[in-house]
Amino acid sequence: MASLRGIQTRISSTKKTKQITKAMQMVSGSKLNKAENNAKAFVPYSEKIQEVVTGIAGSGEDAEHPMLQQRDVKKTAYFVITSDKGLAGPYNSNVLRAVYRTIQERHTSQDEYTVIVVGRVGRDFFKKRDIPISNEIIGLSDQPDFTDIKDLTSETVQLYTDEEIDELIIFYNHYISAISQEVSSKKLLPLTNLSEGSSMAVSSYEYEPNQEEILNVLLPQYAESLIYGALLDSKASEHASRMTAMQSATDNANDLIDDLSLQYNRARQAAITQEITEIVGGAAAQE
């Protein structure tokens, strides 16, 4: 049986760990509220720009654009969103496992795909496996602005415009609730499913100078907004997953403290009983 001093040391260290995990849980909860509000605030803009683009693309008049046209896929780009830090439960592992499985199933050569990655965890994962990375960004804030990823999104869209890639697929964790997130994958380019997920009636607009020139400006912005919206969604998932993981760690620390306290009390009682037995035995020997 462990010594009383050893058990006390374990109880003390576990209590300190519990304080850390509890603090991290509260911090993640605060960040989650802000991230969730950011994601919700972005929805009206996303819906409106989708409505306008859908209206122009569906008009059938002077509305052709390379980003709207399907072409033979010779090279695929995977845009993967992960975090810079761990301690977030299955947040990173789930999305990386999904991407890696997709790559293994769809491609036989590294010439057929490339990866654009957000987050240090994802960057390190792909580098370790010698998976080609065409662009990366690390060190994003917990509440990112569009300006933080403007260069990355524009360069990603430009890859498609320059025909260096033929399709762009994004992988990220979709936020459902504080206790539920799921891996989501969507084809961002080409934009062949603009009306998908939209139940709003498309308004009637007059365009100046013409629809084609407006599409040339608006479509890249729309594609970039899809990436930014996914990033906001993913950030909310990250904070929720980390909050849940730290709550589980805190609960486990409480259980461990209870078990160690029980061991300590038993060991202490055994020591007292042993002392009493020795005293009684010594007294009996002197009679």
Side-chain angles (χ1 to χ4, degrees), residues 31-70 77 79-81 116 118 137 140-161 167-177 181-240:
K31 291 180 179 179
L32 171 61
N33 291 333
K34 294 179 181 179
E36 189 175 6
N37 290 335
N38 290 340
K40 290 180 178 179
F42 185 73
V43 170
Y45 170 80
S46 178
E47 290 180 344
K48 177 55 68 174
I49 193 172
Q50 180 181 4
E51 176 189 335
V52 175
V53 171
T54 301
I56 300 175
S59 66
E61 299 178 3
D62 198 22
E64 293 186 359
H65 193 278
M67 293 176 65
L68 297 173
Q69 298 172 355
Q70 189 83 31
F79 195 104
V80 185
I81 302 176
I116 300 143
V118 175
I137 185 170
L140 280 179
S141 67
D142 292 319
Q143 315 297 334
D145 293 324
F146 181 70
T147 53
D148 296 334
I149 63 164
K150 178 66 172 67
D151 292 340
L152 180 67
T153 57
S154 60
E155 289 169 8
T156 300
V157 174
Q158 192 63 39
L159 287 175
Y160 185 85
T161 304
E167 67 175 353
L168 174 65
I169 300 176
I170 188 168
F171 280 82
Y172 67 100
N173 282 280
H174 170 56
Y175 177 79
I176 299 175
S177 68
Q181 304 88 40
E182 66 178 10
V183 176
S184 178
S185 63
K186 298 179 180 178
K187 185 169 72 171
L188 296 187
L189 293 173
L191 297 167
T192 56
N193 53 351
L194 288 173
S195 60
E196 182 178 330
S198 176
S199 58
M200 301 173 58
V202 178
S203 303
S204 177
Y205 296 97
E206 293 184 1
Y207 303 99
E208 178 67 31
N210 58 60
Q211 293 172 313
E212 184 176 4
E213 292 190 27
I214 292 176
L215 276 181
N216 289 335
V217 176
L218 203 57
L219 279 178
Q221 294 181 3
Y222 175 59
E224 292 172 10
S225 73
L226 292 177
I227 297 175
Y228 181 58
L231 178 63
L232 294 179
D233 193 0
S234 184
K235 277 295 182 181
S237 297
E238 177 187 346
H239 299 317

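Predicted model, so just to flag it, every value in this text is computed and none were measured. Only heavy atoms go into these numbers, but all of them, side chains included; no hydrogens, no water, no symmetry mates.
- Of the charged side-chain nitrogens involved, none lies within less than 4.0 Å of a carboxylate oxygen, so that K31 and E238 do not count as a salt-bridged pair.
- A donor-acceptor pair is defined here as one N or O able to donate and one able to accept, closer than 3.5 Å; no such pair exists between the side chain of D233 and the backbone of G229.
- P144 pairs by the side chain to side chain contact (heavy atoms under 4.5 Å, CB included) definition with S141, D148, L231, L232, K235, not counting sequence neighbours.
- Counting all heavy atoms, side chain and backbone alike, S177 lies closest to A240 at O-CB, 4.3 Å.
- Considering OG1 of T153 and CD of Q221, their distance stands at 10.5 Å, rounded to 0.5 Å.
- A distance of 10.0 Å separates CD of Q181 from OG of S234, quoted to the nearest 0.5 Å.
- A pairwise comparison of heavy atoms in A35 and A236 identifies CB-CA, 3.8 Å as the closest pair.
- Under the side chain to side chain contact (heavy atoms under 4.5 Å, CB included) criterion, E36 pairs with K40, Y175, sequence neighbours left out.
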* Let me see the working for V157 and T161 under side-chain contact (heavy atoms from CB on, under 4.5 Å), right down to the final yes or no. => CA-CA 6 Å; V157 174; T161 304; 4.2 Å; yes
* Going through the distances and angles, do L219 and L191 end up as a side-chain contact (heavy atoms from CB on, under 4.5 Å)? -> CA-CA 9 Å; L219 279 178; L191 297 167; 3.6 Å; yes
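- Although no hydrogens or angles enter the test, the distance criterion places a donor-acceptor pair under 3.5 Å between the side chain of S237 and the main chain of N173.
- Scanning all heavy atoms of the two residues, the minimum distance from I49 to S46 falls at CG2-O, 3.3 Å.
- Note that the OG atom of S185 and the CD1 atom of I170 stand 10.0 Å from one another [nearest 0.5 Å].
- The distance from the CD atom of E155 to the CD1 atom of I137 is 9.5 Å, given to the nearest 0.5 Å.
- A 6.0 Å sphere centred on NZ of K34 holds no more than 12 heavy atoms belonging to other residues, nucleotides or ligands.
- A 4.5 Å side-chain heavy-atom check between I116 and L152 finds at least one atom pair inside the cut-off.
- Screening Y222, F79, Y172, F146 against Y228 for a ring-ring contact (aromatic ring centres under 6.0 Å, His included) leaves a single residue, F146.
- L189 contributes atom CG, which lies 10.5 Å from atom CD of Q70 (distance to the nearest 0.5 angstrom).
- Using cut-offs of 30° and 60° for the angle between ring planes, the F42 and Y45 rings count as tilted.
- Side-chain contact between K187 and L168: absent, with no pair of heavy atoms (C-beta onward) separated by less than 4.5 Å.
- The minimum heavy-atom distance between D142 and H239, with the atom names listed, is O-NE2, 3.4 Å.
- Listed by chain and residue number, nothing satisfies the side-chain hydrogen bond (donor to acceptor under 3.5 Å, both in side chains) test with T156 (two or more places apart in sequence, or in another chain).
- Of the inter-residue distances, the one linking E51 atom CD with K48 atom NZ reads 3.5 Å to the nearest 0.5 angstrom.
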